[in-house]
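Here is the structure we will look at, set down as structure tokens.
Chain naming here is simple, since letters A, B, ... match the order of the sequence lines and numbering starts at 1 in each.
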Amino acid sequence: MEERYDPQAIETKWQQRWEASHLFNVDEDPGREKYYLLEMFPYPSGKIHMGHVRNYTIGDVVARYKRMRGFNVLHPMGWDAFGMPAENAAIANKTHPAQWTYANIDAMRQQLKRLGFSYDWDREIATCRPEYYRWEQWLFLQMLAKDMAYRKESYVNWCETCQTVLANEQVEAGLCWRCGQPVHQKKLWQWFFRISDYADDLLMYCDQLPGWPDKVLTMQKNWIGKSLGAEIRFPVEGSEAVITVFTTRHDTVFGATFMCLAPEHPLVAELSRDTPQASAVQAFVERIAMQDRSDRGLEKYEKEGVFLGAYCINPMNQRRMPIYTANFALMEYGTGAVMSVPAHDQRDFDFARKYGLEIIVVIDREDDPLDAAALTEAYTQDGIMVNSGDFNGQPNRQAMEAIADDLESHGMGRKTINFRLRDWGISRQRYWGAPIPVVYCPDCGVVPVPENELPIVLPEDVDLLEGGRSPLPSLEAFRRTTCPKCGREDSRRETDTMDTFVESSWYFERYCSPRCSTGMFDKDAVDYWMPVDQYIGGVEHAVLHLLYSRYYTRVLKDFGLTRFKEPFTRLLTQGMVCKETVSCPEHGFLFPDDVLEENGQRTCRLCGQAVMVGRVEKMSKSKKNVIDPNLLLNQYGADTTRLFCLFAAPPERDLEWSEQGVEGGYRFLNRVWRLVWHWHDKLDGVAPFDGDEATLSPPVRELFKKVHQATHKVTRDIEERFHFNTAISAVMELVNLASGEALQTNAAAERGVIRLALERIALLLSPIVPHFAEEIWEALGHAPSILQVPWPAYREDALVHDEWVIVIQVNGKLRSRLTVEAGTDKAKIEALALTDERARKFIGDKTVRKVIVVPGKLVNIVA
RNA sequence: GCCCGGGUGGCGGAAUAGGUAGACGCAAGGGACUUAAAAUCCCUCGGUGUAAUACACCGUGCCGGUUCGAUUCCGGCCCCGGGCACCA
């Protein structure tokens, strides 16, 4: 041990030793209990950011802790390596996405290693390697054979900037989740996974994931969006066509006075054909199609529509209902057709008023009947059925069942369940992804690639095109192929690639046997390791990756490949890493280096104007409030960086960056270092004390108790709630006590307790600041490595206090304190409290009406 | 609009079964050491009142309730963050 704490030197030293010892490499061991700890793998963008550091630090603490608890811990790391940034960077830098990606992986691996994470690097995977994606192609073929993957032409979300289709989950408020540009609807042939077949199951199991945050489960439930309702069939007048609607309010069916079809609805063109309205309808449909989906969601967005010139018949009362196409009817929800009940739905009401359509009340208030002509808004509450034939007089909720039965008996409808969740569109018109293994033959149609031809390797000999369009469709060597079925030579290969979320839907299984060459994974390995016991990552994947993975896991199970439905037993979503933003009126957001600080005034370096301190926001390049982890590693080392991330906030909350906070963490480590330095050569031959505490002098005895209290607290904080901030503060308290003057000078005769305390500090800190802990452990005379030492136990008897400090309250207010021997009975405490001088003062001449005694805690005298 | 979180000192945050509000850290102020600075160590540190440190009152977004006792439970409201949203 050196006198001065030198993080760079000790971190390099221990990282080399760990690597040489292969301590983090694991194998299936049926004799030991496994623990699979996984953090969401990164996209290899080139550099790790503070969000990664926080995520992986949290995971590493848990992995190391569980390891010390004796678990066989699987803690892997890999790369979510397909995706668009590689293509964009490749175009900009005149390189190849593969080259860019692999270089980034190398750089980021080095950074992660510098942070001392306990990964089994032998299991590292990159999803862009054919050895990985060939199995994804293989599963696609199995799904295709079972009709779980299918191709259809439909309106899909198209991002012009990204030149590709997006799944519904990848559209946020009408904008592309990646680039933030508006998304349009485009009609295309695309491949889909039937995730909607699993909607009910995915929903049901939301209630069987107690280890998941409610927030995420609620988001998934809302996304799946189950609605109980009915399907009702409305025959079109003078036509064979029937319009089927989905409604949750079939109790209002007698009040349906018109019909609205989504502009994309197939009947819109058909029914308006040859009517005087035909051209107006066509113009409307085209105009709506051109609009951004983002605009369509705006509140001020006006409801409008066009009459098709056709009518349908209300099956309950034979009413003739005009059919409109309306912008608020969405093809992707329900059946794309809405039965409009203006009296009881605000949107229908507005539309009816605008176009002068009839409003009929069918649910009435008992006490104060409604007047359709005088309504100023729709009546959406419950009431009594009116104008509803045989159902008049019934409470509407009660009539629902009967109406559904009635519809069903006439073949005009049935009760049904509708989900908001749509099938997962997985085709991407991009280059840097896993090719979809099918061939299109002019004779045979869609032909799956035979399994023995897998993988369909993504050709690397391509020139990327400006603007992001995939080079694959124009790459004849790839596109042109022979039909696997009939051998026709002018067949063409699918040139779309798979959504990168497909790769991330099974990487956790691949980690179990990352080099398996006979299948997606080795079944025994997966049976042993899966499911993931603890998953950690950002909440931004609540309905993307986390939903897709739950779905894909079910697919694997249904193919008999695995035995479980849920991939992640427990989930921790960590908060964002934030920092204040600073901006200048002229130059916008400023980098910290461009802000000058003089006597409390902060000015812009570029123009000298006073700057505005903005909100504390998530670190992002555009807001110029990013801290590069490399700077921290260089200045303070990995342990301080880790310590800060853990100490500044509990993991699920946002973490605000603070330079002083990092400084504080560094100072703490230095304090511990000096403490150990003071003692390290004075404890030779001294064993850690584990005897009868009654033999110890008071200050040493206090330290002995503190050791066990701290162990108890740190264990519970890590084990039960991942609150590392309070765990660290408990160790700080122990360090503060051990550094006290009385102990530095007087404890010479009781060095066993000092040894106990110092060793305990090392052990409790070892998951958090592992290099530091190794170094002080060694300085205390131990052979490496602290990783081989089990997590310390606490002694229950040492947690018991000798004395109780009893709080005395008078009428609920703290008035005095009482020190009694531990175990003093209630009656005695009460008697002592009542004679307490200060308590008496506040009781005065009032009569004591009641005395509440909480043993060991407090007495409340009610007077 | 609906559904989740969250509001505690100058700041990050503690209070894990309704029982001492403010642990731990940061910042600030004072002191020690030093020729000096840095580092380190010690002390003070929610607010108000009075002659300070003793004492009293107030204090966990606001209003009310339950309770001997509420940051914690219940009802209503305000603000901040996040998710969903013309969902039929």
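- With distances taken from any side-chain atom of A:A649 to the nucleotides B:G13, B:U20, B:C24, the minimum falls on B:G13.
- Among B:G12, B:G13, B:C55, the nucleotide with an atom closest to any side-chain atom of A:K841 is B:C55.
- Side-chain atoms of A:E733 and A:K706, non-hydrogen and from C-beta on, do get closer than 4.5 Å to each other.
- In this structure, B:G25 and B:C11 make a Watson-Crick or G-U wobble pair, each of the two defining distances being under 3.5 angstrom.
- The residue among A:N811 and A:V338 whose nearest nucleotide of RNA chain B lies closer to the 5′ end is A:N811.
- A:S658 comes within 4.0 angstrom of no nucleic acid atom, judged by non-hydrogen atoms across all strands.
- With A:L818 as the partner, the side chain to side chain contact (heavy atoms under 4.5 Å, CB included) test is satisfied by one option alone out of A:V805, A:L832, A:T824: A:L832.
- When the side-chain nitrogen and oxygen atoms of A:R817 are compared with OP1 and OP2 of B:U20, none of them lie within a distance under 4.0 Å.
- One atom, CH2 of A:W223, and another, P of B:G83, lie 12 Å apart when rounded to the nearest Å.
- Within 4.0 Å of A:G225, counting heavy atoms only, lies no atom of the nucleic acid at all.
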Distances for protein N/O vs nucleotides 58-60 of chain B N/O pairs under 3.5 angstrom?
{"unit_1": "B:C58", "atom_1": "OP2", "unit_2": "A:K813", "atom_2": "NZ", "d": "3.1"}

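- For A:R420, a side-chain nitrogen or oxygen approaches OP1 or OP2 of B:A85 to under 4.0 Å.
- Side-chain atoms of A:N860 and base atoms of B:C68 include a donor and an acceptor less than 3.5 Å apart.
- Nucleic acid contact for A:D717: base, since at least one base atom lies under 4.0 Å from a heavy atom of the residue.
- Look at B:G59: it lacks any Watson-Crick or wobble partner with both distances under 3.5 angstrom.
- The CG atom of A:L818 sits 16 Å away from the P atom of B:U20 (whole-angstrom rounding).
- Of the nucleotides present, B:C80 is the one that pairs with B:G5 by Watson-Crick or G-U wobble criteria, both distances under 3.5 Å.
- With distances taken from any side-chain atom of A:F842 to the nucleotides B:A56, B:A88, B:C68, the minimum falls on B:A56.
- In the model, A:E304 has no side-chain atom that pairs as donor or acceptor with a side-chain atom of A:Y355 under 3.5 Å.
- When heavy atoms are screened at a 4.0 angstrom cut-off, A:F668 is found touching no nucleic acid atom at all.
- Side-chain atoms of A:I852 and A:K850, non-hydrogen and from C-beta on, do get closer than 4.5 Å to each other.
- Shown here, B:U40 forms a base pair with B:A32; the pair counts as Watson-Crick or G-U wobble because both key distances fall under 3.5 Å.
- How far CD of A:Q170 is from SG of A:C176: 8.0 Å, rounded to the nearest 0.5 Å.
- Spacing between B:U72 and B:G61 at atom P, rounded to whole Å, works out to 8 Å.
- Comparing A:F246 and A:M732 by the nucleotide of RNA chain B that holds the closest heavy atom to each, the one mapping nearer the 5' end is A:M732.
- With distances taken from any side-chain atom of A:H723 to the nucleotides B:A88, B:G19, B:A14, the minimum falls on B:A14.
- The closest side-chain heavy-atom distance from A:R347 to A:K303 is below 4.5 Å.
- Annotation: A:W677 is not in aromatic contact with A:Y5 [ring centroid separation under 6.0 Å not met].
- Nucleotide B:A85 is matched to nothing when pairs are restricted to Watson-Crick or G-U wobble geometry with both distances under 3.5 angstrom.
- One interatomic measurement links the two molecules: CE of A:M219 to P of B:A85, which rounds to 11 Å at whole-angstrom precision.
- Taking the C1' atom of each, B:G10 and B:C63 are spaced 28 Å apart, rounded to whole Å.
- When the side-chain nitrogen and oxygen atoms of A:K215 are compared with OP1 and OP2 of B:G5, none of them lie within a distance under 4.0 Å.
- A:E733 comes within 4.0 angstrom of the backbone, heavy atoms only, and of no base.
- Here the side chain of A:K850 is nearest to one of B:U20, B:C68, B:A88, namely B:C68.
- Note: A:F328 and A:F351 have perpendicular aromatic rings, judged against thresholds of 30 and 60 degrees for the angle between ring planes.
- With B:C87, B:U20, B:G83 as the choices, the nucleotide that has an atom nearest any side-chain atom of A:Q809 turns out to be B:U20.
- Using a 4.0 Å heavy-atom criterion, one finds that A:D348 contacts no nucleic acid atom at all.
- Of the options A:D836, A:I808, A:V853, a side chain to side chain contact (heavy atoms under 4.5 Å, CB included) to A:I861 is made by A:I808 and by none of the others.
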Tabulated below should be each protein N or O lying under 3.5 Å from an N or O of nucleotides 39-50 of chain B; please produce it.
{"unit_1": "B:U40", "atom_1": "O3'", "unit_2": "A:R674", "atom_2": "NH2", "d": "3.1"}

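- Within the nucleic acid shown, A:P213 has no heavy atom closer than 4.0 Å to any nucleic acid atom.
- Atom P of B:C77 sits at a distance of 12 Å from the matching atom of B:C3, rounded to the whole Å.
- B:U60 sits 14 Å from B:G22 when the P atoms are compared, rounded to a whole Å.
- In this structure, A:R420 forms a cation-pi arrangement with A:W223, its terminal cationic atom sitting closer than 6.0 Å to the ring centre and no more than 45° off the ring axis.
- From A:M40, atom CE reaches atom CG of A:L571 across 6.0 Å, with rounding to the nearest 0.5 Å.
- Using N1 to N3 plus N6-O4 or O6-N4 for Watson-Crick, or N1-O2 and O6-N3 for G-U wobble, each under 3.5 Å, B:U50 pairs with nothing.
- As rounded to whole Å, 15 Å separates atom C1' of B:G22 from atom CG of A:N725.
- Using a 4.0 Å heavy-atom cutoff across all strands shown, A:R422 reaches no nucleic acid atom at all.
- A:H344 places its NE2 atom 17 Å from the P atom of B:C87, with the value rounded to the nearest Å.
- Across every strand in view, B:U72 sits unpaired, with no contact that passes the Watson-Crick or G-U test at under 3.5 angstrom.
- In this structure B:G30 sits in the anti conformation; its chi angle is more than 90° from 0.
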Checklist line | side-chain hydrogen bond (donor to acceptor under 3.5 Å, both in side chains) evaluation trace for A:E332 with A:Y155 | finding: CA-CA 9 Å; A:E332 61 269 25; A:Y155 284 94; over 6 Å; no

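- Without hydrogens or angle criteria, A:T640 side chain to A:G637 main chain gives no donor-acceptor distance under 3.5 Å.
- Between A:R54 atom CZ and B:G12 atom P there is a gap of 14 Å when expressed in whole angstrom units.
- Listed nucleotides B:A56, B:A21, B:A14 differ in distance to A:R838; the shortest reach to its side chain belongs to B:A56.
- Between A:K221 and A:D207 a salt bridge is recorded (basic side-chain N to carboxylate O distance below 4.0 Å).
- A:V862 comes within 4.0 angstrom of sugar-phosphate atoms only, judged by non-hydrogen atoms across all strands, and of no base.
- In this structure, CD of A:E663 is placed 21 Å from P of B:C24, rounded to the nearest angstrom.
- Within the nucleic acid shown, A:F351 has no heavy atom closer than 4.0 Å to any nucleic acid atom.
- When heavy atoms are screened at a 4.0 angstrom cut-off, A:R815 is found touching the sugar-phosphate backbone but no base atom.
- For the pair A:D345 CG and B:A88 C1', the computed distance is 7 Å after rounding to whole Å.
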